[in-house]
Amino acid sequence: MSTIHAEEAGAAKAVPVRTAPHASMWRQSLRRLLKNKLAMLGFAVVAFMFAACFIGPLFSPYTDNKINMAVMNNAPSLKHWLGTDALGRDVLARVLLAGRISLTVGLASMVLSVFVGTLLGVIAGYYRGVVDQLVMRLADLLLTIPSLPLLFIFGALLSEWKVPTDYRMYIVMLMLSIVGWPGLARMVRGQMLSLREREYMQATVVLGLRDRRKLFNHLLPNLVPLIIVIATFNIGGAILSESVLSYFGLGVMAPTPTWGNMIDAANNMIDFQDHPWLWIPPGFSIFATVIAINIFGDGLRDVLDPKQKR
Amino acid sequence: MTEAQALLEVNGLKKYFPIKSGLLSRTVGHVKAVDDISFSIKRGETFGLVGESGSGKSTVGRTILRLTDKTAGEVKFGGVDLYDLQPDELRRLRPKMQLIFQDPYSSLNPRVRIGDAIGEALLDHGLASPTEVRGRVLDVLNACGLSSYHFDRFPHEFSGGQRQRVGIARALVLNPDLIIADEPVSALDVSIQAQIINLFRGMQEKQGLTYLFISHDLSVVEHLCSHIGVMYLGTMMETGPRDELFRDPLHPYTKALLSAVPVPIPKLKRERIVLNGELPNPADPPPGCKFHTRCPFAVARCREEVPLFRDVGNDRKVACHLV
């Protein structure tokens with residue numbers, strides 16, 4: 001008799017106290033995103049690019065800077081799938097390794113500008129007053145200067161100061177985040193200002209919650225969707241800007257390949273007409289990656305932030 | 001604290017919202033949302049604040065809780081003037097006075113599980129240890145007619161009535177002395193309204209709560225409140241115990257309001273006092289008695305002299321020259 005009771009008690013205990021997690025807004029969003037075919041196509045292309053660039057070169061017998069005078073300007077063949085350039089370097093290997101740089105620069109500068117932009121936007125929107133004025137005027141200042149000329153000036157300065165080529169990649173990331181954060185900070189601040197007037201935020205005041213909990217449990221979860229969407233678009237923008245800079249010889253410099261400077265290297269009449277394998281692969285890579293990121297970003301926005309229109 | 005002492009005392013409370021206009025946003029006037037209001041609520045009482053839309057009822061509630069700053073006057077809670085407190089002192093006193101919002105949809109954060117929404121204030125005020133919180137929340141959920149399995153759900157999984165129960169649970173879990181309920185049932189279906197009102201009543205009996213119940217629905221107020229205050233255009237027109245006020249309204253505005261309450265006796269002939277026109281602009285209220293523009297009994301004196309809010313015996317106060 002007593003054993004039965006013990007068993008019953010054990011069974012009752014085995015029932016989890018916490019019931020199965022309920023569909024949070026995140027889960028619902030994910031479900032809807034998975035149904036969005038175009039967005040998933042975009043995601044697939046981006047994922048493919050990342051996989052190809054970061055894993056692909058491991059299977060290639062060639063490296064980006066291995067010069068081989070025997071195979072100069074060869075057309076695509078079974079040995080060199082995308083042909084070779086003027087120094088006999090394998091174009092496929094270079095495109096993939098260039099992709100590593102371009103994608104890393106895009107991703108890293110996005111992370112940096114999202115971090116700075118979110119932090120400053122949250123501070124400005126939460127504390128308002130003088131802090132808000134300072135942060136936002138600085139952001140306005142950066143926004144009034146067209147970003148491309150600003151980047152050109154930065155790039156020219158780097159060349160003037162003879163910054164070692166190896167470091168230029170990191171400095172380009174920094175440059176791109178400097179022009180990237182103000183727009184983001186603005187949107188985050190705007191969202192903060194709108195959130196703090198919501199009734200559920202007033203409820204946190206009445207409940208006497210600590211600032212930390214208001215910020216991390218109530219405000220940030222409502223900001224994250226917006227941030228994810230902007231961040232996604234930012235990656236595409238950063239990749240594009242990096243390519244432009246490198247194309248003009250102001251970003252990452254040869255011999256380190258990037259998609260931008262590979263096109264630049266083929267920027268003459270002979271290569272353009274006779275060696276299309278030199279510029280089509282990097283050009284297509286930029287095009288496909290940026291378009292795919294933007295399509296994916298569009299899908300994310302539809303799912304996470306349906307009220308926002310662009 | 002003695003039984004006779006008021007839990008909440010509001011003296012000459014004013015809240016003016018500036019009207020800004022022009023390039024330099026100069027203040028060109030004020031909307032007098034709350035204009036010199038005084039009343040007090042004793043412990044265990046339910047004070048019903050009634051008045052039509054735009055009469056400043058909600059602003060009174062919000063100004064008491066310092067959700068908006070007052071313009072003048074004092075708000076004493078348990079003898080302490082809330083406006084004398086430092087931000088941190090105020091924050092620590094907050095659990096004792098809670099607000100229940102009108103709109104159960106916008107007052108819950110869509111990204112916070114309701115168990116967390118109810119329990120988080122307990123943690124922040126050190127009223128429960130992290131291990132106790134769940135038990136406390138489950139108790140209050142059950143007391144409010146919700147179930148334990150609701151703990152991990154999100155607001156969008158609930159109906160309006162259930163959400164309002166969550167809002168009530170969120171306030172009750174803190175064991176408050178005073179609950180300000182800002183039209184807590186007006187967003188709900190009539191059938192749900194009754195349930196929520198009975199929940200309010202049951203909680204008062206169990207926990208000895210004091211309510212400031214803001215509503216425009218006189219039948220709800222009559223059902224629930226022991227004392228009633230009638231507001232018009234930011235000013236208190238009449239206060240008194242429910243039974244006396246309903247039996248013998250003194251102020252013409254109160255009379256008009258009461259005559260508009262539907263009665264379930266179709267053959268009963270009643271004298272309806274129908275008010276004409278709209279609520280005057282609160283930025284430019286009429287001189288004298290604010291109600292004179294719509295008062296069927298107004299005399300010359302009403303147009304010139306502001307009536308005093310005076311004691312007329314039997315715990316009743318009224319602001320009218322004709323009484």
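These numbers come from the heavy atoms of this one structure, side chains and all, not from hydrogens, waters or symmetry mates. Numbered from 1 within each chain, the chains take letters A, B, ... in sequence-line order.
With chain A as partner, the option from B:Arg92, B:Gln102, B:Gln98 having the largest number of non-hydrogen pairs under 4.5 angstrom is B:Gln98. Contact count versus chain A (heavy atoms, under 4.5 Å) is highest, among B:Leu65, B:Leu123, B:Ile180, for B:Leu123.
The backbone N or O of A:Leu207 sits nowhere less than 3.5 Å from a side-chain atom of B:Arg94 that would complete a donor-acceptor pair. For A:His218 (side chain) and B:Asn109 (main-chain N/O), no donor-acceptor pair under 3.5 Å exists by modelled atom type.
Other residues, nucleotides and ligands place no more than 12 heavy atoms under 6.0 Å from the OH atom of A:Tyr170.
Contact annotation for B:Asp88: neither backbone nor side-chain heavy atoms come within less than 4.5 Å of a heavy atom of chain A. Contact of B:Arg66 with chain A is not made at all, since no heavy-atom distance falls under 4.5 Å. Proximity to chain A is limited to the side chain of B:Leu67, based on heavy atoms less than 4.5 angstrom apart.
Distance check: B:Arg111 CZ to A:Tyr200 OH gives 8.0 Å after rounding to the nearest 0.5 Å.
Qualifying salt bridge (Lys or Arg N to Asp or Glu O under 4.0 Å) partners for B:Asp69, counting only residues two or more places apart in sequence or in other chains: none.
Annotation: side chain of B:Pro110 is not in contact with side chain of A:Arg198 (no heavy-atom distance under 4.5 Å).
Using a 4.5 Å cut-off between non-hydrogen atoms, the part of residues 209-216 of chain A that approaches chain B consists of A:Leu209, A:Arg210, A:Arg213.
The heavy-atom pair separating A:Ala203 from B:Arg170 by the smallest distance is CB-NH2, 3.4 Å.
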